[in-house]
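Source: prediction; values computed, not measured.
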Amino acid sequence: MKTDMKTVNITCENTQQEYEIELGLTLRDIKKIIFPTNHNHILGALVNNQLQDLQYVIMNPKRINFIDVTSLDGYSIYSRSLIFVLYKAVSDLFPKKILRAEHIISNGIFCRVVNKDIILTPERVEMLKNRMQEIIAEDLPISREEIPTDEAIRIFQKAGLKDKAELMETRGKLFTSVYYVDSVLDYFYGTLAPSTGCLKVFDLIPYKDGMLLCLPDRSNPSELLPVIPQDKLFQVFSEYKRWGKILEVTDIGALNKVIEKKHSGTIIKISEALHEKKISQIADKIKARHKKVKVILIAGPSSSGKTTFGMRLSVQLMVNGIKPVNLSLDNYFVNRELTPKDEKGEYDYESIDALDIATFSNDMLRLMAGEEVDIPKFSFETGQRYYDGTKVKISRNNVIIVEGIHGLNPKLTQLLPADSLFKIFVSALTSISIDNHNLINPTDNRLIRRIVRDYKYRNYSALDTLKRWESVLLGEQKHIIPYQEEADAIFNSALIYELGTLKIQAEPLLREVTQQHPEHSKALRLLKFFSYIQSVPTREIPPTSILREFLGGSSFKY
């Protein structure tokens, strides 16, 4: 007896068309229906603005947006999936050895095999690369399965993956989604590609004492991003990783154990003391060059804590007998009608050409010559420069601290004597991981800071901040990141414990980003991220902490 096939209507945002499909099809099935000849590049989909892998089953009407590596979500899927393939290669060639993906650097992901009895020689890195290529050529399915969490914990413990077992133990969930390639099981924060064959563009090269997993260019996915040497940044990451090992807190599971034992106050004190020590060391470097250094330039991406860092540096400089004078590059914006425009025809305030470099250089040279200078101000309401009578003059014991995103750009200071400058790059270079295979991207750390700060001090919702974030990142990649190796000192403003404190204020804000907004998927991703982290009380955070710039309660005036 013939029965009617049950169907459901879906809307595909890629084609702007509606389709009637069989009830119970997966996204993998549906992509082949909508794109019968060109679908192998699809990595996942946003279903009602929520990221899903291609195993997701459609049971009622949905809006679907298929994504590939050119989107931020797709790029994250690609990167995570490549780490899984590398882990599979390590498991095949070096059984029971531990792979650790440590940080994002030089346009790739720096990884180590952390066992002391194995050295990653160039020959071994080449072996791993070849095995990855074989795994990708086989186009093995990457399958997801929901299993009881206690079973996942036993599997991870048996495999020697203590970090993942601790994460599961402290997360408090009854079931856990795990992924398989062949018999190799892993856990990932976020969805993965449908199969290994989607991941053809990659490289694996020796890098420092480990290896660099090289990633494709989002704007040209058939090509790899160039490897950009970032030796200074690598040193900072490595130093903070060593500190994490000393504290025995290198991942979220270990941090949660510390919080459970009511030892978070100790971690706060040590983390803040390390910050103070680093700021003091930078002040000592400036003191050693004080006869020549007259201008200290502080630059860094959004929500790095540059303002608080500058104030704390001022205190340490005064301890060294140096009296700082603080100026902002925002004072040197050109009038609005002279501001360059971006490709959308909008004013590009992040371009260095939005600054009056000639006036800035002239003022700095006059100050260094001992003259008194009228310092300009800029009105963001009128878009015009004005003078309110603020005058500055420096003496032998003064230095000028200038904060702004272009502080490291050679174009800003090309007319100033090089030996009169001291350049500092500040960023939240997150040194803790979710586990050995799941990085915390420093940009997420800064985004969370900004969501909290924007709501508290600028009356912006989390939705407002999420809408702007991708353009902020694009501006940083263009105007800040290329110059970070120009710095005389790099300050890592991230704190091991901070995500547990930011969680308390960020979670309610993220829950307000509702399903009808494309940013809903980003909010859900951050909420899932917070689900791993236990809350850290804020009462022991000192009033001079970088975090107080975002949480409130700072003893500095901004």
Practice item. Quick one: list whatever passes ring pair (Phe, Tyr, Trp, His ring centres under 6.0 Å) with F530, sequence neighbours left out. Key: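 For F530, no residue satisfies ring pair (Phe, Tyr, Trp, His ring centres under 6.0 Å) once neighbours in sequence are set aside.
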
Check your understanding: Hey, are E372 and K393 close enough for a salt bridge, meaning a charged N less than 4.0 Å from a carboxylate O?
Key ->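 No.
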
Point to revise | Electrostatic pair D388:K377 at N-O distance under 4.0 angstrom | key: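 Here D388 pairs with K377 in a salt bridge, since their nearest N and O are under 4.0 Å apart.
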
Review point. Rounded to the nearest 0.5 Å, how far does CG of D435 lie from NE2 of H437?
Key: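 Here the interatomic distance stands at 7.0 Å.
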
**Study point:** Pair K241 + E102, salt bridge at N-O below 4.0 Å
**Key:**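 Salt bridge absent between K241 and E102.
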
Check your understanding: Between F234 and F110, is the ring centre distance below 6.0 Å?
Key ->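 Yes: the rings meet the under 6.0 Å criterion.
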
Check your understanding: Is D488 paired with R289 through a side-chain N to carboxylate O contact shorter than 4.0 Å?
Key ->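 Yes.
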
Check your understanding: Picking from L215, D217, T70, what satisfies side chain to side chain contact (heavy atoms under 4.5 Å, CB included) with Y75?
Key ->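 Result for side chain to side chain contact (heavy atoms under 4.5 Å, CB included) with Y75: L215.
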
**Study point:** K528 NZ: over 12 foreign heavy atoms closer than 6.0 Å
**Key:**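 Atom NZ in K528 is crowded, with more than 12 foreign heavy atoms closer than 6.0 Å.
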
Check your understanding: Does a salt bridge link D454 with R468, judged by any charged N lying under 4.0 Å from a carboxylate O?
Key ->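 So D454 does not pair with R468 through a salt bridge.
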
Exercise for review: Could you tell me whether E486 and K232 make a salt bridge, using a distance below 4.0 angstrom between a side-chain N and a carboxylate O?
Suggested key: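 Looking at K232 together with E486, the answer is no, because their closest N to O distance does not fall below 4.0 Å.
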
Review point. Going by an N to O cut-off under 4.0 Å, is there a salt bridge joining E470 and R218?
Key: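 Judged by the 4.0 Å cut-off on N to carboxylate O distance, E470 and R218 do form a salt bridge.
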
Check your understanding: Do F333 and F380 have ring centroids that are under 6.0 Å from one another?
Key ->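 Judged by ring-centre distance (under 6.0 Å), F380 and F333 do meet the cut-off.
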
Check your understanding: Mind checking whether F491 and F425 have ring centres under 6.0 Å apart?
Key ->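 So the answer is no for these two rings.
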
Check your understanding: Judged by modelled atom types alone, do E337 and Q384 share a side-chain donor-acceptor pair under 3.5 Å?
Key ->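 Side chains of E337 and Q384: pair found under 3.5 Å.
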
Practice item. Give a yes or no on this: more than 12 heavy atoms of other residues, nucleotides or ligands lie within 6.0 Å of atom CG of D231. Key: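 Atom CG in D231 is packed in, count exceeds 12.
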
Exercise for review: Can you measure from OG1 (T430) to CG (L439) and round to the nearest 0.5 angstrom?
Suggested key: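 Those atoms lie 10.0 Å apart.
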
Review point. Any ion pair linking D353 and K411 (charged N to carboxylate O, less than 4.0 Å)?
Key: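 Salt bridge: yes.
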
Point to revise | D464 and S461 side chains, donor-acceptor separation under 3.5 Å | key: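 The answer is yes; a qualifying pair exists.
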
Point to revise | Geometric cation-pi criterion K285 and F422, 6.0 Å radius, 45° cone | key: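 No, K285 does not lie over the aromatic ring of F422.
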
Check your understanding: What do you reckon, are the aromatic ring centroids of Y460 and Y455 less than 6.0 Å apart?
Key ->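 Ring centres of Y455 and Y460 not closer than 6.0 Å.
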
Check your understanding: Should the pair K391-D374 be classified as a salt bridge under the 4.0 Å nitrogen-to-oxygen rule?
Key ->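 The answer is yes: the pair qualifies as a salt bridge.
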
